[in-house]
Amino acid sequence: MKMGNQWQRIAERLSEAGWSWRHVRLTDRLGRVRHVAEAHNEKGATHAVVAPSVPSAFSALDCSVKGEIGCED
């Protein structure tokens, strides 16, 4: 899997599983770029993660969502 497409595949899987998601790029007061990925579903479950890159944010989000049924590294 190409690294550039990894986050898009994760986002597609989340959507197909009934999750709504969003991504926000932020710059903190020290000038560091951070990426926030958040997903929520109609049952009220919400997951949010902060990471230094888009792929790592979506990878962490995927793990967090899977954690409801057992996330394995």
Side-chain angles (χ1 to χ4, degrees):
M1 178 182 315
K2 289 184 180 179
M3 194 61 158
N5 294 326
Q6 177 187 19
W7 75 268
Q8 294 164 330
R9 290 179 183 164
I10 292 169
E12 185 176 319
R13 283 196 311 265
L14 288 170
S15 295
E16 289 171 355
W19 291 87
S20 296
W21 58 269
R22 65 181 172 158
H23 165 259
V24 179
R25 180 182 183 264
L26 304 171
T27 303
D28 69 15
R29 63 183 173 188
L30 299 175
R32 297 176 296 196
V33 174
R34 296 291 181 245
H35 297 268
V36 178
E38 182 267 337
H40 62 276
N41 65 20
E42 291 180 0
K43 296 178 184 177
T46 302
H47 298 270
V49 297
V50 179
S53 68
V54 175
S56 60
F58 275 87
S59 181
L61 183 62
D62 189 38
C63 186
S64 179
V65 168
K66 288 178 181 176
E68 291 184 355
I69 56 172
C71 182
E72 297 184 24
D73 295 331

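Scope of the values below: all heavy atoms of this structure, side chains included, with no hydrogens, waters or symmetry mates.
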Enquirer: Which Ile, Leu, Val, Met, Phe, Trp or Tyr residues join Leu30 in one cluster when any pair of side-chain heavy atoms under 4.5 Å counts as a link?
Expert: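 Cluster partners of Leu30: none, it stands alone.
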Enquirer: To the closest 0.5 Å, what do you measure between CD (Glu12) and CG (Asn5)?
Expert: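 One finds 10.5 Å between CD of Glu12 and CG of Asn5.
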Enquirer: Output all residues satisfying side-chain contact (heavy atoms from CB on, under 4.5 Å) with Ser15, sequence neighbours left out; order by chain, then residue number.
Expert: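 Partners of Ser15 by the side-chain contact (heavy atoms from CB on, under 4.5 Å) criterion, ordered by chain and then number, come out as Trp21.
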Enquirer: What pair of heavy atoms forms the shortest contact from Ala57 to Val49, and how long is it?
Expert: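 Of all heavy-atom pairs spanning Ala57 and Val49, the closest is O-CG2, 3.2 Å.
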Enquirer: Partners of Arg25 by salt bridge (charged side-chain N to carboxylate O under 4.0 Å, His left out), sequence neighbours excluded?
Expert: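 Residues passing salt bridge (charged side-chain N to carboxylate O under 4.0 Å, His left out) with Arg25: none at all.
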Enquirer: So which atom in Phe58 and which in Ala11 form the shortest heavy-atom distance, rounded to 0.1 Å?
Expert: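 Scanning both residues, the minimum pair turns out to be CE2-CB, 4.0 Å.
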Enquirer: Can you name the closest pair of heavy atoms from His35 and Pro52 and give their distance?
Expert: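 Of all heavy-atom pairs spanning His35 and Pro52, the closest is CD2-O, 3.4 Å.
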Enquirer: If a pair satisfies salt bridge (charged side-chain N to carboxylate O under 4.0 Å, His left out) and one of its residues is in residues 34-44, list it, with sequence neighbours excluded.
Expert: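 Counting only pairs at least two positions apart or across chains, the salt bridge (charged side-chain N to carboxylate O under 4.0 Å, His left out) contacts touching residues 34-44 are Arg22-Glu38.
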Enquirer: I'd like to check the ring-ring contact (aromatic ring centres under 6.0 Å, His included) partners of His40; sequence neighbours left out, ordered by chain and number.
Expert: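 Checked His40 against ring-ring contact (aromatic ring centres under 6.0 Å, His included); zero matches.
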Enquirer: Using every non-hydrogen atom in the two residues, find where Val65 and His47 come nearest and quote the distance to one decimal.
Expert: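 So the minimum-distance heavy-atom pair works out to CG2-CD2, 3.7 Å.
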Enquirer: Between Asn41 and Gly18, what is the shortest heavy-atom contact and its length?
Expert: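 That would be CB-O, 3.9 Å.
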Enquirer: Is the shortest side-chain heavy-atom distance between His23 and Trp7 below 4.5 Å?
Expert: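 A side-chain contact is absent here, since even the closest heavy-atom pair is not under 4.5 Å.
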Enquirer: If you group Ile, Leu, Val, Met, Phe, Trp and Tyr whenever their side-chain heavy atoms sit less than 4.5 Å apart, what else falls in with Val36?
Expert: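 Val24, Leu26, Val50, listed by chain and number.
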